[in-house]
Number of protein chains: 4
Amino acid sequence: MDNIISRKTEDKKELKRQAILKAAADVFSKKGYIETSIKDITNEASISVGSFYSYFNNKEEILLQIFDEISNMSMNAASESSKALKDNVIEQFTTSMTSAICIYAKNKEFAKILFVKSMGINELFENKRTEILDRTTIYLKKLLEHLNTKHLCGIDNIEISSVLITHSIFGVITNWLDERLKCNIKDIISSLCTYHLKALNIDYTAENINKYIDNVLEAYYKELLN
Amino acid sequence: MDNIISRKTEDKKELKRQAILKAAADVFSKKGYIETSIKDITNEASISVGSFYSYFNNKEEILLQIFDEISNMSMNAASESSKALKDNVIEQFTTSMTSAICIYAKNKEFAKILFVKSMGINELFENKRTEILDRTTIYLKKLLEHLNTKHLCGIDNIEISSVLITHSIFGVITNWLDERLKCNIKDIISSLCTYHLKALNIDYTAENINKYIDNVLEAYYKELLN
Amino acid sequence: MDNIISRKTEDKKELKRQAILKAAADVFSKKGYIETSIKDITNEASISVGSFYSYFNNKEEILLQIFDEISNMSMNAASESSKALKDNVIEQFTTSMTSAICIYAKNKEFAKILFVKSMGINELFENKRTEILDRTTIYLKKLLEHLNTKHLCGIDNIEISSVLITHSIFGVITNWLDERLKCNIKDIISSLCTYHLKALNIDYTAENINKYIDNVLEAYYKELLN
Amino acid sequence: MDNIISRKTEDKKELKRQAILKAAADVFSKKGYIETSIKDITNEASISVGSFYSYFNNKEEILLQIFDEISNMSMNAASESSKALKDNVIEQFTTSMTSAICIYAKNKEFAKILFVKSMGINELFENKRTEILDRTTIYLKKLLEHLNTKHLCGIDNIEISSVLITHSIFGVITNWLDERLKCNIKDIISSLCTYHLKALNIDYTAENINKYIDNVLEAYYKELLN
DNA sequence: GATGAATGAGTGTTCATTCAT
DNA sequence: CATGAATGAACACTCATTCAT
């Protein structure tokens, strides 16, 4: 009996924590971490300052938890897309690229915080942020190694190339989020895939690429098709 | 006579302004704009707070002037490398890539501020920063247009591709500056060039690429050859 | 219920606001606006700096609110004394003179700020201050106009005379507040009344004047009779 | 020989001191003591900051010296007008009133500093200022004592009345300097004289008053007749 | 003697964090 | 458990004063 009640309150707490996290992410993505005050967050979340501090120990912690949230999101997306590992390299490449981009396109606030608004503040954040972004690089490194041995794509420096691809992706997404690239998300994904497949010496047809992208979008990100 | 004296003091002032700018850049690149206090800058520059304010009107202004400094540096580097415009596309591409990267490699603090430490602070800085970075994108857009018509490199979306290349460069440099990419600058440049030339459907030989890179390094950036 | 609680906190806030206002007035009247620091005020009010800024937006604002306080006090005093408008000119003149003086005698700090400590600081304060003092002049102008038509007191320049009377009053009060005029407040009022009544060609008897003054003092300002 | 040279440089120094004093008075009278910076003064005087400090030890000192200047002016004016002491009370009263007012009308900047712009700053200034203003009160006290014994003007409290008259004069001048009293200086003097003569029970004719005022103006203050 | 660059104490203001109610 | 008033350390910036040239 007691357990059920405490379970219920636990759930309630978690829900509220999530709500505050979302509110904070909204404000951070607009004003940036520095220019956002605790009052801004509590106003957005319609709670009191005191409440905020019963859910988070300080301002730093909420950004770190937002990072965790983002981290979880991209981890889940990655594992989701890798669950159905295809033997077709092109499909695999396109599918994972699409998943990675969509996860950020779907969570614009989180993406903006990760890619722009949390930079240059302090070492702690910089490390956490780097850690999250590095996952993409590590994933790509493994992929490139695989491609190099199995498909002779002839990449001489996998270390550098994986960083190169990672940042090209994040840079393009950032520009798209800022609406400096005024096109739809499919063009973004398609261009990125074809550009890099060419560089990786892998033959592809535009139709296939588009088909693979559509498959992912239809299955998981219908809301991005608007 | 009077002229000579006032000229001398003018020169002295400018020298001191430069010294403060350098000191500020050093601290900003380490701690970031926000966590850097005026006292940090004046300590680094071994001057008094009052002195700082006789050279700069406020804290914002010094970052903006650092941006201008960076902007001028990259502009000059660009015009320098384009002065000797080659008809050889590969040489042109490699040369300008090398120049762009070297200018940042040579001015690590400025680069770190531009690429990392000045992000997510406020709109004013964000716009200035974007403006500076965008020059690279615009340069690449023109280059890609030229390549598309003259060399049939088959880039379908020049807008997106130029952003892609820009951020791949900046991302790789940032990682190298942070020493997360532990290789020498030549490897960085060479990998970037070969990767993108492949993507752009342009045939090259590794020897040529390395020769072109060496030419630029020998001519302008000997200090980077360590 | 909620209403009662919020009402109570509202009242508490207002009380504290008043306390800070009083503390600030005390310090301002001693050290002047300029030489008073926010710390001086918060020390006097036994609050923290942060608290001060949750009640007032800045240092300027608290002086302006003190001005408003003074303004309201003298306005209320004026309307109070004019409520019982007498057809007897001598009584009316004496009564309003007494009220005006007593309001300042009763609120020494506020009077000192208005008459001495807020002068010569800046345009904003100067205008506010002038506005408050001018009310007395305007009141006197109307009175003189009335006396001139009804009582043939033969004032040739009402504009100048009303300023003359106003500043004679404020000057005498200021000297009395500074304890450079070491007499009791009744002497002050009585001398001012008889002097000006003589100048205004109005016959009076010292007994009547004293009686009228006493009436006001007994009714409203017993604490000044010490 | 040496003496002559040192005399000449002494004279030069004194002239420059006077020029700086005048420049400071100009700025103080416009912006007030507080809002005037040393730079403001040196700009107005076209000298360097260092020069300022070779003539005055600090900012306080220059205001004190301005006070001395004002003090000397009014002392000289007073002694000038009392030199030709008339046995005619009306002439004496009118003449000294005219002199007192004209000295301030002629030196508007000094008057503004004394009456408005130097108030409420600190004890030191307040005392100095009070001292200067008090001279008028003391002069009037003596005059009233004389009138009371010789002319039975029936002033009961000379102490208070002399303060009253003093501040009525200064108040009217201040309003005239601020251009809130838009009339010519003769109206000011004439109104003040007739008002107070009436209060002092002394018979006069408007013609005589005006004649006495004109005499002083014609003799010493022609420039005020514009 | 004149200059004005350099100094640094001092001030108003902000805002993350605490804690009594 | 929620509230928001209270706290005070920290910072950007000013300006009277000094002193090397």
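All values derive from a computational prediction rather than experimental measurement. Naming convention: chains lettered A, B, ... in sequence-line order (proteins, then strands); numbering from 1 in each chain.
- Both key distances under 3.5 Å define a Watson-Crick or G-U pair, and stretches of 3 or more such consecutive pairs in DNA chain F run E:2-21 with F:2-21.
- Remark: the backbone N or O of C:Leu114 is paired with a side-chain donor or acceptor of C:Arg129 at under 3.5 angstrom.
- Contacts with DNA chain F (heavy atom under 4.0 Å) in residues 16-28 of chain C: C:Lys16, listed by number.
- Of all nucleotides in DNA chain E, those with any atom nearer than 4.0 Å to a heavy atom of chain D start and finish, going 5' to 3', at E:dG1 to E:dG4.
- Using a 4.5 Å cut-off on side-chain heavy atoms (C-beta onward), A:Leu21 and A:Tyr55 make no contact.
- Rounded to an integer number of Å, the gap from CD1 of B:Ile41 to P of F:dA12 is 8 Å.
- The 5' end of DNA chain F is approached more closely, in terms of each residue's nearest nucleotide, by C:Ser54 than by the other of C:Ser54 and D:Asn57.
- Distances shorter than 4.0 Å separate none of the side-chain N or O atoms of C:Ser48 from OP1 or OP2 on F:dG8.
- Classification of A:Lys22 and A:Asp26 as a salt-bridged pair holds, one side-chain N sitting under 4.0 Å from a carboxylate O.
- Because its NZ or CZ atom is both nearer than 6.0 Å to the ring centre of D:Tyr33 and within 45° of the ring axis, D:Lys59 counts as a cation-pi partner of that residue.
- A donor and an acceptor atom, one from each side chain of D:Ser37 and D:Asp40, are located under 3.5 Å apart.
- A donor atom on one side chain and an acceptor atom on the other are found under 3.5 Å apart for B:Gln18 and B:Glu14.
- In this structure, D:Phe125 and D:Phe67 have perpendicular ring planes: the angle between them is above 60°, well past the 30° mark.
- Note on A:Glu131 versus A:Lys128: no salt bridge recorded, every NZ/NE/NH1/NH2 to OD/OE distance being 4.0 Å or above.
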